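All figures in this text were calculated on a predicted structure; none of them were measured in a lab.
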Amino acid sequence: MGGGFSRGGGGHRASFRGAPTRERSSFKHLGHLKKLLPYCKRYAWVLVFSISGLLLQRFGMMWLPKFMQVGIDSLANPEIPPNIVLPCLGILAVTGLNFLIFVWARRALRRVSIAVTYDLRKRIFGNTQIQGPGFFNKFSTGDLMSRAVNDVSQVRMSVSFGWVTVVMFFFTITMGLVFMFSMSPGLAAITILPLPFVALVGFFMSRSMYPYFIARQEAMARVTSFTQENLNGIRTIQAMSQEASEIERFREASTQYIKKAYRATRFMQFMGISMSGLTMISPLIILGYGGSLVLEGNLSLGTWTAFSTYLVMVTSSVTQIGWSLSMFTSAAAGTERIFDIIDHEPEVKDDSGSVIDEDFPAQIEIRGLTYTYPEAPTPSLNNIELNVEPGKTIALLGRMGSGKSTVLKSIVRLNDVKPATIFLGGHDICDFPIKKLREQIALVPQYAFLFSATIKENITYDDPEREDEAVWDAIDAAGLSDTVSEFVDGIDTIVGERGVTLSGGQKQRATLARGLIRDSKVLLLDDVFSSVDTETEERIISGLNRLRADKTTILISHRVSTARHADYIYVFDNGRILEQGTHEELISTGGYYADLEGVQSNQDEDQSRRERLIRTLTENRDDPEDDVTSVVAS
């Protein structure tokens with residue numbers, strides 16, 4: 001059943017407990033933002049012109065209080081002729097020009113942020129495509145989606161607002177203080193006294209923000225992962241009447257995210273209130289000390305008004321330190337999670353520069369293949385020796401977990417294997433560019449997957465330009481022609497998400513047709529007959545023999561009725577080859593294969609072969625708790 005959290009152990013739920021660690025290292029974490037610089041450099045000129053425009057706009061705003069000063073002083077001082085028109089025109093002109101510059105600059109910056117977002121998501125998606133099983137064991141689909149959507153959105157905010165905020169902060173502080181000290185040095189010196197304390201509060205409080213943001217974004221990833229997995233498993237959930245249970249589990253996951261988000265927001269708001277409270281000291285100084293200077297005639301009313309406006313500009317910039325640091329900290333947390341994916345090295349190294357002549361025989365040779373999955377305690381394959389001559393069909397037979405699928409995955413390098421272990425046409429597969437290798441070898445996986453598209457689009461996935469005739473040939477060979485003919489739209493029928501409109505056997509045959517239409521030198525079939533009846537199986541094998549009479553095929557099966565059609569059979573158990581030979585040879589030896597054939601065909605009334613088969617499986621397994629009856633029941 002789909003679900004983001006295990007019912008058994010603590011798992012994800014355990015990670016919900018407890019507050020985030022108070023690392024005093026937020027500025028160390030801000031170093032993650034350096035990884036965004038190469039993406040910003042691509043749009044360096046746009047950023048330069050946009051920021052320059054905003055600086056010009058802010059410089060224009062600096063003159064607005066001066067216009068106000070002239071107008072107010074002309075009205076308050078009888079000795080100065082009234083001057084209202086020119087200040088008003090100046091304010092209108094500067095405001096209009098600033099509006100045009102601001103709109104153009106912010107639009108350009110937003111386009112840059114969108115472009116950087118686009119580049120990051122392409123890198124995430126591109127690097128995900130080349131990863132192996134260890135990567136997807138570490139990162140769930142929901143987690144990857146959360147990083148590509150939520151974390152990238154956090155980064156986008158810093159690109160569109162962050163750098164501008166920093167530049168504008170220093171510019172505003174500098175220009176504001178210049179104007180303030182030019183008007184009244186004494187008043188300026190007193191009013192800015194609280195500002196360093198405001199900056200220090202923002203500095204120290206921001207050092208505690210990073211754990212809050214990383215915890216919030218990880219909680220969001222768990223909600224996304226939970227939702228995605230449950231939607232994928234919705235049929236199982238409904239079949240087992242677990243809707244209420246899953247709703248409750250989703251409520252728990254969402255509640256934990258809300259707690260993390262609330263905690264981060266509460267901390268940000270507390271920091272903002274603290275800084276805003278400290279900045280209120282400066283206006284009090286203006287009203288008290290500045291007002292007394294006006295009453296004493298040492299400061300004009302217009303100058304006091306302009307000075308107050310400049311102070312608002314300066315204090316608002318200082319107050320925004322907290323908001324800016326929180327934005328950068330959130331972006332740094334998102335950047336770290338994004339580059340966990342982008343910088344992840346693929347398990348299978350691709351030698352894309354190698355050149356191998358395609359005119360080689362379709363021979364598969366395996367020499368001493370041993371493979372252990374990441375974090376697995378024992379090898380899945382142990383010293384496998386196997387040889388497939390060109391144009392032959394071989395079958396791999398054995399119980400579940402005996403290593404058969406691992407062999408096929410290793411041949412196409414879905415698993416990384418050591419050099420000089422597997423050879424295609426005499427060439428080490430590690431010398432092939434991965435794309436070229438998988439063009440020569442078609443793998444039809446055990447678990448059928450169809451895209452939400454038409455039957456034709458699914459079958460011609462690697463080359464949509466194929467003619468309908470080739471599609472129907474593959475469909476007929478896969479035993480699916482009767483089913484497709486019954487559909488009103490034929491091969492143009494949309495199968496729905498993950499092929500939901502087709503049965504398990506129909507999906508399996510559709511994926512088989514997708515493999516057959518490629519007409520590759522080597523075809524690997526991973527138990528593609530498990531969901532079809534014996535009559536359909538015979539039709540499919542007949543189609544295989546017709547289309548691939550002179551090509552190499554390796555198939556996996558649990559059925560002797562399937563394996564008997566192969567030229568040669570390898571019987572696997574516990575990661576080793578237990579028996580090998582033709583169908584007749586294996587029957588004549590009276591071993592595991594012969595016992596399995598007798599059990600599956602129900603030929604033994606005394607059950608002696610069944611008992612001997614179970615005894616053989618018991619002797620060859622590592623774990624005494626393994627279920628040895630699965631193969632017998634096949």
Taking atom [atom1] of [X] and atom [atom2] of [Y], what is their separation to the nearest 0.5 Å?
X: I366; Y: N383; atom1: CD1; atom2: CG; value: 11.5 Å
X: I577; Y: L381; atom1: CD1; atom2: CG; value: 9.0 Å
X: I342; Y: I124; atom1: CD1; atom2: CD1; value: 5.0 Å

Using a strict cut-off of less than 4.0 Å between a Lys/Arg side-chain nitrogen and an Asp/Glu carboxylate oxygen, indicate whether [X] and [Y] qualify as a salt bridge.
X: R518; Y: D463; answer: no
X: E439; Y: K436; answer: yes
X: D416; Y: R413; answer: yes
X: R337; Y: D151; answer: yes
X: K404; Y: D526; answer: no
X: D119; Y: R123; answer: no

Note to self: Using 30° and 60° as the class boundaries, would you call the ring planes of F139 and F135 parallel, tilted or perpendicular?
What the structure shows: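 Aromatic pair F139/F135 classed tilted.
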Are the side chain of [X] and the backbone N or O of [Y] linked by a donor-acceptor pair below 3.5 Å?
X: R509; Y: A478; result: no
X: R438; Y: V412; result: yes
X: D567; Y: T393; result: yes
X: D573; Y: G398; result: no
X: E579; Y: Y592; result: yes
X: T589; Y: L586; result: yes
X: E585; Y: T582; result: yes
X: T493; Y: F487; result: no

Checklist line | cation_pi(R222, Y257) dist<6.0 Å, angle<=45 | finding: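 No, cation not above the ring by the 6.0 Å, 45° rule.
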Nearest heavy-atom pair of [X] and [Y]: which atoms, and what distance?
X: L396; Y: F572; answer: CD2-CE1, 3.7 Å
X: D143; Y: A221; answer: OD1-CB, 3.3 Å
X: R147; Y: I338; answer: O-CG1, 4.0 Å
X: A477; Y: L516; answer: CB-CD1, 3.8 Å
X: S561; Y: R564; answer: O-CG, 3.2 Å
X: I441; Y: S520; answer: C-OG, 4.3 Å

Next item on the list: Would you check if the distance from the ring center of H344 to the ring center of F339 is below 6.0 Å?
Entry: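 No: the rings miss the under 6.0 Å criterion.
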Note to self: Quick check: Y570 with Y568 (ring centres under 6.0 Å apart)?
What the structure shows: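 Yes, close enough.
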Note to self: salt bridge (Lys or Arg N to Asp or Glu O under 4.0 Å) for R249 and E246? Distances and angles first, verdict last.
What the structure shows: CA-CA 5 Å; R249 293 171 65 199; E246 292 303 309; 2.7 Å; yes
[X] [atom1]: over 12 foreign heavy atoms closer than 6.0 Å:
X: F449; atom1: CZ; result: yes
X: Y461; atom1: OH; result: no
X: E467; atom1: CD; result: no

Next item on the list: Go through the steps for L424 and I411 under the test side-chain contact (heavy atoms from CB on, under 4.5 Å), then give the verdict.
Entry: CA-CA 9 Å; L424 171 61; I411 292 174; over 6 Å; no
Next item on the list: Carefully, step by step, assess Q131 and F136 under the rule side-chain contact (heavy atoms from CB on, under 4.5 Å).
Entry: CA-CA 8 Å; Q131 298 298 330; F136 293 102; 3.9 Å; yes
Note to self: Walk me through whether H565 and I569 qualify under side-chain contact (heavy atoms from CB on, under 4.5 Å).
What the structure shows: CA-CA 9 Å; H565 294 281; I569 301 166; over 6 Å; no
Going by atom types alone, do [X] and [Y] pair a side-chain donor with an acceptor below 3.5 Å?
X: T421; Y: Y371; answer: no
X: S245; Y: E248; answer: no
X: N387; Y: Q363; answer: yes

Notebook entry, point to check: Any side-chain heavy atom of V522 sitting closer than 4.5 Å to one from K551?
Noted result: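 V522 vs K551: side chains apart.
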Notebook entry, point to check: Under the salt bridge (Lys or Arg N to Asp or Glu O under 4.0 Å) criterion, do K456 and D492 qualify, and how do the steps go?
Noted result: CA-CA 6 Å; K456 179 181 178 180; D492 294 320; 5.7 Å; no
